Each structure stands twice: as structure tokens, then as C-alpha cells.
Amino acid sequence: MMEAWPTVAWVLLMISVADWLKTVQSRDFTMMDIIMLHPSTTPHPGGFKCFTCQDAADNYECNRWAPDVYCPKDTRYCYTLHVMDNKGDSVSVTKRCVALQDCLLTGCADVTDNGYQVCSSCCEGNICNVLVPRNESSAIFSSTSPLVSSSRRLHPATLSCIIIIIIIIFTAGHV
């Protein structure tokens with residue numbers, strides 16, 4: 001019976017090493033990965049990039065294979081749509097450059113047909129959409145604009161009212 005203990009100890013050691021290696025080889029991006037994949041020089045003032053993918057298997061696959069191109073001039077934000085199964089594992093990740101109107105409805109919703117959860121978020125800034133939203137606290141619209149506070153989430157109706165007021169002021173000045 002004593003000969004079995006070294007084998008059991010060896011198996012437990014190998015399991016511990018395997019778990020440690022999993023954490024060492026994390027599939028999350030580091031700042032060094034971002035710098036190497038997406039250099040920060042811009043072709044024109046105000047140019048920015050977003051991670052961009054369509055229906056990637058997970059966040060790592062999206063960020064790893066995102067094309068290194070600048071967003072069109074008519075966009076200002078980075079959008080992320082994350083679909084998860086009922087265990088919280090990624091089903092698909094979509095990221096792209098968007099205009100303000102595409103950021104008005106951020107948050108999470110349950111899909112009743114298959115038990116999936118869908119979360120979306122928007123952010124303003126160069127490659128700011130490195131992470132995916134996983135719950136209501138990360139499915140937000142974060143902006144550096146004075147109209148939108150990054151420390152709290154504006155209700156879409158409030159943001160819509162602000163936009164309507166700006167449009168009225170802008171058109172009144174051009175009449």
C-alpha cells in the first residue's frame with residue numbers, strides 16, 4: 001500500500017502544475033500585447049482605432065485577429081457586443097467603430113429562446129474596447145465627452161434629450 005503514495009503525490013503535483021500553467025498562459029491581453037499589435041501613431045489629428053471583429057469565438061480571438069486600421073471619420077466610439085451562454089462562457093464577440101446613435105442602448109438582456117445573455121458597451125478612446133462586457137456593471141457607455149459622465153451611466157432617454165437640445169441649438173443658429 002505504501003508504493004501508491006508516491007504515485008498519488010506525483011499525480012497531485014502534475015495537476016497543480018497544469019492549473020498553474022493555465023493561469024500563466026491567460027487568454028487576456030496585456031498592455032504589451034496591445035502596444036505590439038496596435039502602434040499609437042495616427043495618420044491625422046483625432047484618428048483612433050477600435051478592436052474590430054464580427055462573431056469571433058471569444059475576446060482573445062477578436063483582439064488577436066482585429067485588423068490594424070483607423071476608424072472612419074464619421075465614427076467616434078468603439079462598440080462591443082458580447083453573447084454568452086448560460087454558464088457565462090463566450091458564444092460570440094463583435095466589435096466595431098460606431099457613431100453616437102449606435103451607443104444609446106448599452107446594457108445586458110437575456111435571450112429567452114436559448115438562455116443566452118447579450119451585453120453591449122461603448123467607449124470613447126483609442127482601442128478602448130479591449131475587454132468585453134459580462135454584466136450590467138461593465139455593459140456601459142463610457143465617454144470623455146462633457147455630456148456623458150464616465151462615472152455613471154446615463155439613461156438612454158436622458159442622452160436622447162441632450163442630443164435633441166444640441167440639435168435644436170445648432171439648427172437655431174443656422175436659421
Side-chain angles (χ1 to χ4, degrees), residues 27-31 33-86 88-112 114 116-170:
R27 287 179 56 95
D28 284 336
F29 268 63
T30 65
M31 286 310 276
D33 292 328
I34 294 168
I35 291 167
M36 290 177 66
L37 288 171
H38 302 276
S40 62
T41 57
T42 60
H44 54 81
F48 71 101
K49 298 176 184 179
C50 297
F51 283 103
T52 305
C53 63
Q54 182 71 37
D55 297 323
D58 59 26
N59 194 45
Y60 180 84
E61 291 300 315
C62 177
N63 292 351
R64 176 65 185 103
W65 301 110
D68 190 20
V69 295
Y70 284 90
C71 292
K73 287 186 179 186
D74 62 337
T75 63
R76 183 171 165 188
Y77 303 97
C78 299
Y79 172 82
T80 302
L81 180 69
H82 185 209
V83 180
M84 296 161 284
D85 64 18
N86 56 4
D89 295 327
S90 294
V91 173
S92 76
V93 174
T94 297
K95 297 182 180 186
R96 66 179 182 263
C97 308
V98 297
L100 177 63
Q101 61 267 23
D102 295 315
C103 290
L104 299 181
L105 298 174
T106 58
C108 295
D110 292 325
V111 180
T112 55
N114 52 19
Y116 288 176
Q117 183 180 36
V118 178
C119 293
S120 65
S121 63
C122 278
C123 58
E124 183 179 23
N126 197 40
I127 57 173
C128 61
N129 62 339
V130 70
L131 301 175
V132 292
R134 296 191 166 275
N135 53 43
E136 285 292 337
S137 63
S138 61
I140 61 170
F141 178 16
S142 61
S143 172
T144 57
S145 167
L147 294 176
V148 180
S149 169
S150 61
S151 63
R152 64 177 197 179
R153 185 173 163 194
L154 279 180
H155 189 277
T158 306
L159 188 56
S160 297
C161 288
I162 292 171
I163 294 168
I164 290 169
I165 292 169
I166 291 171
I167 291 170
I168 291 170
I169 292 170
F170 180 77

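A quick note: this is a predicted structure, and the numbers were derived from the prediction, not measured.
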- Task: Compare the SG-SG distance of Cys50 and Cys97 against 2.5 Å and report whether it is shorter.
- Result: no
- Message: Can you list everything that forms a side-chain hydrogen bond (donor to acceptor under 3.5 Å, both in side chains) with Thr112? Sequence neighbours excluded, please.
- Response: none
- Note on the structure: Scanning both residues in full, the closest heavy-atom pair of Pro133 with Ala139 reads CB-CA, 3.7 Å
- Backbone N/O of Asn129 and side chain of Lys95: donor-acceptor pair under 3.5 Å: yes
- Task: Can you measure from OG1 (Thr106) to CG (Leu81) and round to the nearest 0.5 angstrom?
- Result: 11.5 Å
- Message: Under 2.5 Å between the SG atoms: is that true for Cys78 and Cys122?
- Response: no
- Which atom of Tyr77 lies closest to which atom of Phe48, heavy atoms considered: N-CZ, 3.8 Å
- Query: Would you say the side chain of Arg134 lies within less than 4.5 Å of the side chain of Cys119, judging by non-hydrogen atoms?
  - Reply: no
- Message: If you define the side chain from C-beta out and look only at heavy atoms, does anything of Cys53 sit under 4.5 Å from Arg64?
- Response: no
- Message: With a 3.5 Å distance limit and no angle check, can you tell me whether Thr52 reaches the backbone of Ala66 through a side-chain donor-acceptor pair?
- Response: no
- Item | Heavy-atom check, side chain of Lys49 versus side chain of Asp68, under 4.5 Å | yes
- Task: Just do the side-chain contact (heavy atoms from CB on, under 4.5 Å) check on Val98 and Cys103 with the steps written out, would you?
- Result: CA-CA 8 Å; Val98 297; Cys103 290; 3.6 Å; yes
- Can you list the steps and then say if Tyr60 with Val93 is a side-chain contact (heavy atoms from CB on, under 4.5 Å)? CA-CA 9 Å; Tyr60 180 84; Val93 174; over 6 Å; no
- Identify the heavy atoms of Asp85 and Tyr116 that sit nearest to each other, and give their distance. CA-CD2, 3.6 Å
- Message: Is it the case that the side chain of Glu136 and the backbone of Cys108 share a donor-acceptor pair, with hydrogens and angles ignored and the cut-off at 3.5 Å?
- Response: yes
